[in-house]
Amino acid sequence: MSTTAPSSRTVLAVANQKGGVAKTTSVASIGAALAERGESVLLVDLDPQACLTFSLGIDPEDLEISVHHVLTKGVDPDEVILRTDDGVDLLPATIELARAEADLLTRTGREHVIRTVIEDLAAADTHYDWILLDCPPSLGVLTVAALTAADGVLVPLQCETLSHRGVGQLLDTVHDVRRFTNRDLEVWGVLPTLYDGRTNHARTVLDTISETYDLEVIEPPIPKTIKFAEAPAAGRSILATSKSNKGAVAYREVAGNLMKRAARKG
């Protein structure tokens, strides 16, 4: 946490309703890379599978309160936020979050529930330079609420397949959110993941992304490496477990480019 003026805060939703695109790995790694650069960072786990929580060394089954209680019971987020060994703070998830969609569905203003939490943190003088929202792999209430709270959305996309139909659906949702709940939401771009530069297919996928969706491609692409699979078991991000690994190096560069993008915000 820091005492910097709240105007410098950047809220970034990381979203793709398709699983297996290294979304959670990207949130953990970008968060750790930003923290390495001296930024104060809060990660918010909005996935009932709680993969982000687990990957940062916290067993969801040991938690009595989580982001579910903040969103549906009005619990103060400061009571739930945890410090992690990676230098980032975490608003953790548990399987209870699966009930939040149903709990929020009939609630007035449900789209604004995450924005309200962020505003409550600011009102309590709990300031972060970055808040990264790890969206669930769906386009339900929680993802819409995350997009409503965000300045920008980053879309991790695996370079292994040409099946990008999900991106179009996500962009439709972004369009609706812009129209109804968050006029200022910007698509920051696609983050290519699981990239194998040795294959023509991966390079073709990379080349067609920006043309197909008219989106910026956030560089560099994140290479495929076994070290990503090993990091969560250690309860740390790849930046801590394999500092000089090509994946860690790429995420550091991505974080630097996102900081430049944030500086142009607005």
*asked:* Among residues at least two apart in sequence or on other chains, which ones pass salt bridge (Lys or Arg N to Asp or Glu O under 4.0 Å) with E111?
replied: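 Here no residue qualifies.
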*asked:* Using the salt bridge (Lys or Arg N to Asp or Glu O under 4.0 Å) criterion, which residues pair with D196? Sequence neighbours excluded.
replied: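 Testing D196 for salt bridge (Lys or Arg N to Asp or Glu O under 4.0 Å), a comparison that skips the adjacent residues, returns R198.
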Just to verify, what does [X] make a side chain to side chain contact (heavy atoms under 4.5 Å, CB included) with, not counting sequence neighbours?
X: D59; result: E61, D62
X: A93; result: D45, A50, T53, V67, L97
X: A98; result: P48
X: V80; result: I65, V70, V75, L91, P92

*For the residue pair V174 and R178, establish whether any side-chain heavy-atom pair is separated by less than 4.5 Å.*
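A side-chain contact under 4.5 Å exists here.
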*Electrostatic pair E186:R261 at N-O distance under 4.0 angstrom*: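 Salt bridge present between E186 and R261.
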*Please report the shortest heavy-atom distance between L191 and S26, naming the atom on each side.*
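Scanning both residues completely, I find the closest heavy atoms to be CD2-OG, 3.8 Å.
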*Over all atoms of both residues, closest heavy-atom pair of R252 and E36*: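 Closest approach of R252 to E36: NE-OE1, 2.7 Å.
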Counterpart residues, side-chain hydrogen bond (donor to acceptor under 3.5 Å, both in side chains), relative to [X] (two or more places apart):
X: T173; result: none
X: R110; result: none
X: D47; result: none
X: T24; result: D134

_Derivation and outcome, side-chain contact (heavy atoms from CB on, under 4.5 Å), residues W130 and L258_ = CA-CA 11 Å; W130 289 82; L258 291 176; 4.1 Å; yes
*asked:* Distance alone, cut at 3.5 Å: any donor-acceptor contact between the side chains of N182 and T148?
replied: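 T148 and N182 do not have a side-chain donor-acceptor pair below 3.5 Å.
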_Full working for side-chain contact (heavy atoms from CB on, under 4.5 Å) between S8 and H127_ = CA-CA 9 Å; S8 66; H127 173 67; 3.5 Å; yes
